[in-house]
Chemist: 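Starting off with a structure, shown below.
In the text below, chain A, chain B and the rest are named by the order of the sequence lines, each starting its count at 1.
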Number of protein chains: 2
Amino acid sequence: MSESAIRPRKEFGKTIAADITHRLREEIIACSLAPGEPLRFDVLRERFGASFTTLREALTALAAEGLVDAQEQRGFRVAPVSRQDLVEVTDARVLIEVELIRRSIERGDDDWEIAVISTLHRLKRIEQRHPEHPLRDPEWKIAHRQFHQALVSACGSATLLAIRAELFDRAERYRHLSANFRPRPRDKAGEHQAIMQAAISRNADLAVQLIEAHIRSTSDNVATYAGHLLDAE
Amino acid sequence: MSESAIRPRKEFGKTIAADITHRLREEIIACSLAPGEPLRFDVLRERFGASFTTLREALTALAAEGLVDAQEQRGFRVAPVSRQDLVEVTDARVLIEVELIRRSIERGDDDWEIAVISTLHRLKRIEQRHPEHPLRDPEWKIAHRQFHQALVSACGSATLLAIRAELFDRAERYRHLSANFRPRPRDKAGEHQAIMQAAISRNADLAVQLIEAHIRSTSDNVATYAGHLLDAE
DNA sequence: AACGGTATGATTTTCGAAAATATGGTCTCT
DNA sequence: AGAGACCATATTTTCGAAAATCATACCGTT
């Protein structure tokens, strides 16, 4: 399997291209490169200090992930956002995440339980220390990602995990998009706690129900608070 | 090579990189580039008549699709095959294809019905003309792909269709792997006919059941007739 | 013989120049 | 004015040389 090829996320500094891919992905997800924004080589070259071809390789990889839009002979741009795309990403996430939660609850061993519990614990600690808006805190972002990753980590399918990871990234971009307009975060801490408990007590039906609600309510929130951005494209 | 010089420059897509990506994908799926085989630039350069960086871009794209394995600093190779990977691809295909069939049956309009019927008709015509082993006939391959594509085309999610297409490609490589060892093709024609009828008559439960059986029996066939190749890795 | 270091050749990775293509403006003709 | 042709500029895409890295064989020491 080529898992490491699909997500070179953690491996810094091996090749420049992989590093640039990683940094570009982060900036696109965080919307510091705005949706639809053209990605011109002169600009990228200055910003990332790499040559044409290296940048091109990174952009090609991100295009395959759906974060970049390649317009042949007319360069690249950050993938645009839309209500339709948000709906598709949300639906696909529910379909896959629900299945993976079931499999993880079915197959998870002691190490899986420990991973779920400890990643949630870290997430809650960070939320206690920084009670302000969490999505702007990179530490919270990482912990949040790791908790959800831990939940499905025992599913046994690297293939589906890779697909899930791509969809998670695309969804996180939408969360960032709405973060600046949302008045106050809803009680995610309680939701995460409930999901953890359902998973650990092997209550698959409940866990599935909670995860689906979690994903859909996040998506609804985005549509509510960033709706004006989704139509403007 | 003289062939690449004669070949029109824009067979698929306008850029050379996109063209190479396409040709490489075809060769990997058809196993004319064997699983696990190292992809050295000297060889590829001669074979495809493109430069290092163009080839690199193509290989990076295919790595994101799971057909190529990128080993940082040590080049690329065709993604290896294994029983585990076959199981994962099969499971993921069932999960997604079943959902997409349901949605297509729910939402498909007249054009969808026409597409399903006509792609199946073409497939059957080809099978009549060439009664020998179909997987070696590129015409059959294309028609087969288009029939299955038509079945899910009305699902309404470009996101899920893209994921489905990747999984279909990965599965087709396994089918090719076993094609040389399978004594005689089973009656796929009948299966396709039944699936079409279930879909057109909007019998979602039946269509889903037939599709799942279709996918799994193909996978079982591969495991049976190409098992020795899967363990050898 | 076993081990570790190192020189050497093979291969990948990166770079900026050069070619190919798109974009935008100007001119001409109807 | 509007449409089309044409040129100049901006931008992307491709190329092969050069740098970086890996694999291997060799050598000396223990």
Side-chain angles (χ1 to χ4, degrees), chain A residues 2 4-25 28 33-34 36-64 67-80, chain B residues 1-25 28 33-34 36-64 67-80:
Chain A
S2 52
S4 65
I6 294 176
R7 325 207 87 252
R9 172 171 288 277
K10 298 237 159 114
E11 306 247 330
F12 288 84
K14 300 290 276 182
T15 66
I16 293 180
D19 188 46
I20 303 275
T21 305
H22 175 77
R23 286 164 60 194
L24 259 171
R25 185 190 293 116
I28 291 172
L33 288 168
E37 182 177 340
L39 296 166
R40 297 229 175 70
F41 283 99
D42 311 349
V43 180
L44 297 178
R45 203 142 157 273
E46 168 140 11
R47 184 163 185 168
F48 292 97
S51 72
F52 296 106
T53 29
T54 306
L55 286 165
R56 184 157 245 280
E57 188 184 328
L59 289 170
T60 302
L62 292 172
L67 290 174
V68 157
D69 188 15
Q71 310 159 281
E72 298 209 324
Q73 306 284 27
R74 285 190 295 154
F76 298 82
R77 60 174 178 167
V78 181
Chain B
M1 280 296 226
S2 57
E3 183 184 358
S4 65
I6 294 170
R7 175 185 295 278
R9 186 163 146 9
K10 60 154 213 168
E11 185 185 0
F12 268 96
K14 295 180 185 172
T15 65
I16 293 178
D19 187 47
I20 304 274
T21 304
H22 181 260
R23 287 164 58 194
L24 258 170
R25 186 190 294 115
I28 292 173
L33 289 168
E37 182 177 339
L39 296 166
R40 296 229 175 71
F41 283 99
D42 310 348
V43 181
L44 297 179
R45 202 141 160 273
E46 167 142 9
R47 182 161 187 170
F48 292 96
S51 72
F52 296 107
T53 30
T54 305
L55 285 165
R56 183 157 246 278
E57 188 184 330
L59 290 170
T60 302
L62 293 172
L67 289 175
V68 157
D69 188 14
Q71 311 160 283
E72 300 211 321
Q73 308 283 27
R74 284 190 296 153
F76 298 82
R77 58 173 179 168
V78 180

Chemist: Can I get a per-line list of side-chain donor-acceptor pairs under 3.5 Å for residues 52-61 of chain B, giving both atom names and the distance, sequence neighbours left out?
Modeler:
from, atom 1, to, atom 2, distance (Å)
B:Thr54, OG1, B:Ser51, OG, 3.4
B:Arg56, NH1, A:Glu57, OE1, 2.7
B:Arg56, NH1, A:Glu57, OE2, 2.8
B:Glu57, OE1, A:Arg56, NH1, 2.7
B:Glu57, OE2, A:Arg56, NH1, 2.7
B:Glu57, OE2, A:Thr60, OG1, 3.2
B:Thr60, OG1, A:Glu57, OE2, 3.2
B:Thr60, OG1, B:Arg56, O, 2.8

Chemist: So which heavy atom on A:Pro80 is nearest to which on A:Arg77, and how close?
Modeler: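 Closest approach of A:Pro80 to A:Arg77, heavy atoms only: CG-NH2, 3.9 Å.
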Chemist: In whole angstrom, give the distance that lies between atom CD of B:Glu57 and atom P of D:dT14.
Modeler: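 The answer, rounded to whole Å, is 7 Å.
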Chemist: Just checking A:Gln71: does its CD atom have more than 12 heavy atoms from other residues, nucleotides or ligands closer to it than 6.0 angstrom?
Modeler: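 Yes.
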Chemist: Check the distance between D:dT21's P and B:Gln73's CD and give it to me in whole angstrom.
Modeler: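 Those two atoms, CD and P, are 6 Å apart.
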Chemist: Quick one: salt bridge (charged side-chain N to carboxylate O under 4.0 Å, His left out) partners of B:Arg45, sequence neighbours excluded?
Modeler: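 Here no residue qualifies.
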Chemist: Could you tell me the separation between the NZ atom of B:Lys14 and the P atom of D:dT14, rounded to a whole number of Å?
Modeler: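 Roughly 13 Å, once rounded to whole Å.
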Chemist: Nearest to the side chain of A:Asp42, which nucleotide is it out of D:dT11, C:dA22, C:dT13?
Modeler: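 Among the listed nucleotides, the one closest to the side chain of A:Asp42 is D:dT11.
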Chemist: How would you label the contact of A:Leu39 with the nucleic acid (heavy atoms, under 4.0 Å): base, sugar-phosphate, or nothing?
Modeler: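 Sugar-phosphate, backbone atoms only, no base.
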Chemist: Identify, with sequence neighbours excluded, every residue that meets side-chain hydrogen bond (donor to acceptor under 3.5 Å, both in side chains) alongside A:Arg47.
Modeler: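 Per chain and number, A:Arg47 pairs via side-chain hydrogen bond (donor to acceptor under 3.5 Å, both in side chains) with A:Glu27.
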Chemist: Look at the side-chain N and O atoms of A:Arg56 and state whether any lies under 4.0 Å from the OP1 or OP2 oxygen of D:dT12.
Modeler: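 No, no such contact exists.
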Chemist: Can you check the B:Leu55 CG to C:dT13 P distance for me, whole Å?
Modeler: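 Answer to the nearest Å: 12 Å.
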Chemist: Checking A:Ala63 now: which residues fulfil side-chain contact (heavy atoms from CB on, under 4.5 Å) with it, not counting sequence neighbours?
Modeler: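 Counting only residues at least two positions away or on another chain, A:Ala63 forms a side-chain contact (heavy atoms from CB on, under 4.5 Å) with A:Val68, A:Ala70.
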Chemist: Can you list everything that forms a side-chain hydrogen bond (donor to acceptor under 3.5 Å, both in side chains) with B:Thr21? Sequence neighbours excluded, please.
Modeler: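 side-chain hydrogen bond (donor to acceptor under 3.5 Å, both in side chains) check on B:Thr21 returns nothing, list empty.
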Chemist: Please report the distance, rounded to the nearest Å, between CZ in A:Arg40 and C1' in D:dT12.
Modeler: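 So the CZ-C1' distance, A:Arg40 to D:dT12, works out to 11 Å.
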Chemist: For the pair made of CD in A:Gln71 and P in C:dA22, what is the distance, rounded to whole Å?
Modeler: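 About 13 Å, once rounded to whole Å.
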Chemist: Starting from C1' on C:dT13, measure out to CG on A:Asp19 and report it in whole angstrom.
Modeler: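 The answer, rounded to whole Å, is 14 Å.
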Chemist: Scan nucleotides 15-19 of chain D against the protein and return all N/O pairs shorter than 3.5 Å with their distances rounded to 0.1 Å.
Modeler:
from, atom 1, to, atom 2, distance (Å)
D:dC15, OP2, B:Ser51, N, 3.3
D:dC15, OP2, B:Thr54, OG1, 3.2
D:dC15, N4, B:Thr53, OG1, 3.0
D:dG16, O6, B:Thr53, OG1, 3.4

Chemist: Using whole Å, what does the distance between atom P of nucleotide D:dT14 and atom CZ of B:Phe48 come to?
Modeler: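 These atoms are roughly 15 Å apart.
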